[in-house]
Enquirer: 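I have a structure here, written as structure tokens, and I will follow up with some questions on it.
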Amino acid sequence: MESNKRPESMERISSPALAKGFISEAVESLRKQIGNGNVILALSGGVDSSVVAALLIKAVGKQLTCIHVNHGLLRKGEPEQVVKVFRDQMDANLIYIDATDRFLGKLEGVSDPEQKRKIIGAEFIRVFEEEARKLEGVRFLAQGTIYPDIIESKGVKAHHNVGGLPEDLGFELCEPIKFLYKDEVRVVGKELGLPDSMVYRQPFPGPGLGVRCTGAITRERLEAVRESDAILREEFADAGLEGKVWQYFTVVPDYRSTGVREGERCWDWPVIIRAVNTRDAMSATVEEIPYPLLKKITDRILSEVKGVNRVLYDLSPKPCATIEWE
Ligand code: XMP
């Protein structure tokens with residue numbers, strides 16, 4: 001069996017030169033493993049799967065088919081970016097599935113957080129499997145497993161894992177970055193020419209905005225999460241906070257409060273801003289967002305996001321709050 005221990009002789013990839021060396025070795029060994037076979041990859045657009053895709057495109061080009069499943073819970077602009085980078089710029093074989101209706105249909109009326117996670121995970125595997133079965137002659141399944149996924153089997157990611165990819169299809173696994181730490185994956189991604197917004201992307205949970213639209217998801221509230229999140233990200237980027245704050249996002253809970261708009265009473269949702277810093281996601285501190293920035297974000301959310309009449313800032317560290325609201 002292939003070892004799951006990082007070779008002791010492996011130098012920490014901390015510079016473009018070291019990344020270049022890693023890339024040429026990885027490309028060579030991928031070519032050796034894959035030969036003239038075909039490979040599939042679930043490409044989320046996160047840094048790990050994007051780096052695996054870019055390595056495979058370099059190694060075997062069109063023998064790779066990427067499948068991007070849009071579960072309808074992605075952030076604003078994400079599916080478009082995956083298509084632009086991989087299909088348009090890297091000329092990859094990319095199957096884009098908009099499964100929004102299917103996922104939201106399954107999630108209708110479901111308010112329990114763990115149940116929501118299970119549904120999203122199971123449905124994701126089903127959609128991916130259906131697409132994989134349509135392709136002929138696929139022998140390899142590529143995955144963006146990284147070293148912390150292997151060594152921290154009791155860690156956050158394992159605990160939150162919404163499910164693995166299909167095992168019963170009998171694919172051979174192809175895991176070219178399984179000995180890399182996250183910072184190394186980013187250095188390699190940069191060297192492969194991936195855009196900064198992909199390489200330095202903040203962590204994003206598998207169930208996506210689904211855990212930030214608390215309780216039973218509705219399309220209207222999901223849109224409020226997506227739009228407010230886009231405003232927050234835009235303002236953080238403009239203020240130079242992108243890549244400096246570990247994770248920041250908005251939550252729209254499933255309750256309303258009274259407000260007043262154009263002289264009329266309204267009954268709308270609040271948007272909660274969360275911005276935290278952490279090393280390992282096991283504990284976290286709250287970012288001290290400058291007040292003028294908070295005010296600007298608040299004003300924009302209140303004027304641009306439909307159905308929202310209040311903006312709150314979550315000041316709770318972890319513990320005792322978790323980073324996500326569900
Ligand atoms: P919590 O909320 O437990 O989150 O403090 C810690 C980190 O884990 C992420 N997270 C998830 N990641 N699937 C994932 O892939 C999930 O279901 C999930 N839930 C939370 C969260 O965004 C934070 O970075």
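When a residue number appears, it is its place in the shown sequence, counting from 1. As the structure lists them, so they are numbered: ligands from 1, and atoms in each ligand from 1.
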Enquirer: By number and element, which atoms of ligand 1 are closer than 4.0 Å to a non-hydrogen atom of Pro207?
Expert: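 Answer for ligand 1: 13 (N), 16 (C), 17 (O).
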
Enquirer: For Thr322, counting its heavy atoms only, list the atoms of ligand 1 lying under 4.0 Å from any of them.
Expert: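 Those of ligand 1 that fall under 4.0 Å from Thr322 are 1 (P), 2 (O), 5 (O).
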
Enquirer: What I want to know is whether Gly206 and ligand 1 share at least one N or O pair that is separated by under 3.5 angstrom.
Expert: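 Between Gly206 and ligand 1, an N or O pair is found under 3.5 Å apart.
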
Enquirer: Quick one: does ligand 1 sit under 4.0 Å from the side chain of Trp246, the backbone, both or neither, non-hydrogen atoms only?
Expert: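 Trp246 to ligand 1: side-chain contact only, backbone stays beyond 4.0 Å.
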
Enquirer: Can you tell which of Gln247, Lys318, Glu326 gets a heavy atom nearest to atom 24 (O) of ligand 1?
Expert: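 That would be Gln247.
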
Enquirer: Give yes if a backbone or side-chain nitrogen or oxygen of Pro203 is under 3.5 Å from a nitrogen or oxygen of ligand 1, and no if not.
Expert: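 By distance alone, the answer is no.
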
Enquirer: Please test Arg219 against Asp101 for salt bridge (charged side-chain N to carboxylate O under 4.0 Å, His left out), starting from the C-alpha separation and ending with a verdict.
Expert: CA-CA 10 Å; Arg219 285 179 193 255; Asp101 291 344; 2.9 Å; yes

Enquirer: Any salt bridge linking Glu123 with Arg126? Criterion: basic side-chain nitrogen under 4.0 Å from a carboxylate oxygen.
Expert: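 Answer for the salt bridge query: yes.
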
Enquirer: More than 12 heavy atoms of other residues, nucleotides or ligands under 6.0 Å from CD of Glu304: yes or no?
Expert: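 Correct, the count exceeds 12.
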
Enquirer: Sequence neighbours excluded, which residues qualify as side-chain contact (heavy atoms from CB on, under 4.5 Å) partners of Lys5?
Expert: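 Ser3, Glu8, Tyr147.
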
Enquirer: With a cut-off of 3.5 Å and sequence neighbours excluded, list every side-chain donor-acceptor pair involving residues 238-249.
Expert:
unit_1	atom_1	unit_2	atom_2	d
Lys244	NZ	Gly240	O	3.2
Gln247	NE2	Pro203	O	3.0

